[in-house]
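Only heavy atoms go into these numbers, but all of them, side chains included; no hydrogens, no water, no symmetry mates.
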Amino acid sequence: MYNIIEITDFLDPRLDVYARLTEGQLLNREFPEKGMFIAESPKVIERALDSGYEAVSCLMEKKHIEGEGKHILSRIKDVPVFCAEFDILTQLTGFKLTRGMLCAMKRKPLHTVREICENKNRIVILDKVMNPTNVGAIIRSAAALGMDAVLLTPGCSDPLYRRAARVSMGTVFQIEWTFLTDDSLDEIKALGFKTVAMALKDNSLSINDPRLTDEKKLAVIMGTEGDGLSDNTIADCDFTVKIPMYHGVDSLNVAAASAVAFYQLSKPSNS
């Protein structure tokens, strides 16, 4: 039997995780072992469960108990499942639930950069990409287009923030990722990667330059929305690369640019 609990009290502290705690409070930097995140939609929740994340509770629309959420509930039978009609859930959370289902889940300890990069040939580095929608979209492209892992500088949005995980369609649970301890590229270079700064500079290589795919190990670096990569980061990289533009268009959104870059650079030519 499922542990179904109909919502009767909006102030029930068990609902704080969905209605009153911020993403930062859920992350719990002071006590990371107690950190949680919210997975939204059955597809995202299922991919999190497949990756070994543990459910704490669920919040769902009543009609989905025997609908789209039924398979998820069969996997978390002992977990409290809070339910109500659509209008009540929207009032409680302040937004419409995608596919009528949220799940609070425990975070897992992050792997080190060295662990993530072991036996990898193509990695992505996101430098201060702060928009969770962009982080989610970039991770989805990285997973779909053959990149091996994603690293994020401390200024980036967390991939497990609800919106990032949802936009990624749950691929944040399918491709390895972790945070760098600082903005330096020294550790990446020490692991044998040639670094590629994606930047619109006059002296940049074209993205289809064969020198790039000739490299066995590449780290493709994408910069923050608007400003892109800093001059210091670009100077520290082995290559500066741009995507050719036409019709007077000066740049692409970082998420769109990432898809082009990953498709072109995902595999070394000698693989």
Side-chain angles (χ1 to χ4, degrees), residues 7 10-41 44-45 47-49 51-60 79-80 82 89-99 101-113 116 124-140 142 149-184 222-227 230 254-255 258:
I7 295 171
F10 274 19
L11 298 180
D12 187 329
R14 294 175 297 178
L15 299 176
D16 286 351
V17 65
Y18 302 106
R20 288 172 283 277
L21 297 184
T22 66
E23 297 275 21
Q25 288 171 319
L26 289 172
L27 179 58
N28 201 342
R29 294 184 188 279
E30 187 175 358
F31 301 103
E33 70 280 1
K34 297 180 180 180
M36 291 192 292
F37 66 95
I38 302 296
E40 181 181 1
S41 85
V44 173
I45 295 167
R47 287 182 171 172
L49 292 171
S51 297
Y53 287 89
E54 181 182 346
V56 176
S57 67
C58 277
L59 178 71
M60 64 188 303
V79 170
F82 300 98
L89 293 184
T90 301
Q91 183 181 348
L92 173 68
T93 62
F95 57 87
K96 296 180 181 180
L97 278 65
T98 301
R99 301 293 184 185
M101 192 171 191
L102 300 176
C103 186
M105 310 189 88
K106 293 182 180 179
R107 286 177 176 262
K108 296 192 294 188
L110 291 177
H111 290 293
T112 67
V113 171
I116 290 289
V124 182
I125 298 176
L126 302 187
D127 185 16
K128 301 182 182 68
V129 178
M130 296 172 282
N131 186 313
T133 297
N134 284 336
V135 168
I138 293 168
I139 288 176
R140 184 178 181 184
V150 179
L151 305 178
L152 304 98
T153 64
C156 286
S157 179
D158 192 294
L160 294 186
Y161 282 175
R162 182 182 62 85
R163 186 167 182 81
R166 178 169 63 81
V167 170
S168 83
M169 294 296 290
T171 55
V172 293
F173 308 112
Q174 295 177 305
I175 188 170
E176 293 183 271
W177 60 269
T178 196
F179 277 91
L180 293 157
T181 55
D182 55 39
D183 298 338
S184 170
M222 313 294 300
T224 184
E225 303 88 346
D227 294 334
S230 70
V254 65
S258 73

Quick one, [X] and [Y] - any side-chain contact, counting heavy atoms below 4.5 Å?
| X | Y | answer |
| --- | --- | --- |
| V135 | V150 | no |
| S157 | V129 | no |
| V124 | S258 | no |

Quiz item: Any chance CD of E33 has more than 12 other-residue heavy atoms, nucleotides or ligands included, within less than 6.0 Å?
Solution: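 Yes, because the 6.0 Å sphere around CD of E33 holds more than 12 heavy atoms from other groups.
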Practice problem: Look at atom NZ of K108 and say whether more than 12 heavy atoms of other residues, nucleotides or ligands are closer to it than 6.0 Å. | Solution: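 Yes.
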First locate atom [atom1] of [X], then atom [atom2] of [Y], and finally report the distance between them rounded to the nearest 0.5 Å.
| X | Y | atom1 | atom2 | value |
| --- | --- | --- | --- | --- |
| D127 | C156 | CG | SG | 6.5 Å |
| L102 | S57 | CG | OG | 9.5 Å |
| I38 | L21 | CD1 | CG | 8.5 Å |
| M169 | R140 | CE | CZ | 5.0 Å |
| I138 | M222 | CD1 | CE | 6.0 Å |
| D227 | T224 | CG | OG1 | 6.5 Å |

Exercise. Could I get the full list of side-chain contact (heavy atoms from CB on, under 4.5 Å) partners for D158, not counting sequence neighbours?
Key: L27, R107, L160, Y161, W177, F179
Closer than 3.5 angstrom, by distance alone: can the side chain of [X] be matched with the main-chain N or O of [Y] as a donor-acceptor pair?
| X | Y | result |
| --- | --- | --- |
| E23 | R162 | yes |
| T153 | K128 | yes |
| S168 | T171 | yes |

Quiz item: When you look at F173 and L49, which way does the side-chain contact (heavy atoms from CB on, under 4.5 Å) test go after all the steps?
Solution: CA-CA 9 Å; F173 308 112; L49 292 171; over 6 Å; no
Quiz item: In this structure, which one of T133, N134, N131 forms a side chain to side chain donor-acceptor pair (under 3.5 Å) with E225?
Solution: N134
Quiz item: Which heavy atom of V172 sits nearest a heavy atom of P159, and at what distance?
Solution: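 The answer is CG1-O, 3.6 Å.
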Quiz item: Yes or no on side-chain contact (heavy atoms from CB on, under 4.5 Å) for V56 and V17, after CA distance, side-chain angles and deciding distance?
Solution: CA-CA 10 Å; V56 176; V17 65; over 6 Å; no
Quiz item: Do F82 and Y18 have ring centres separated by under 6.0 Å?
Solution: no
Practice problem: Could you check E54 against V79 for side-chain contact (heavy atoms from CB on, under 4.5 Å), going step by step and ending with a plain yes or no? | Solution: CA-CA 10 Å; E54 181 182 346; V79 170; over 6 Å; no
Practice problem: Could you check T178 against L151 for side-chain contact (heavy atoms from CB on, under 4.5 Å), going step by step and ending with a plain yes or no? | Solution: CA-CA 5 Å; T178 196; L151 305 178; 3.6 Å; yes
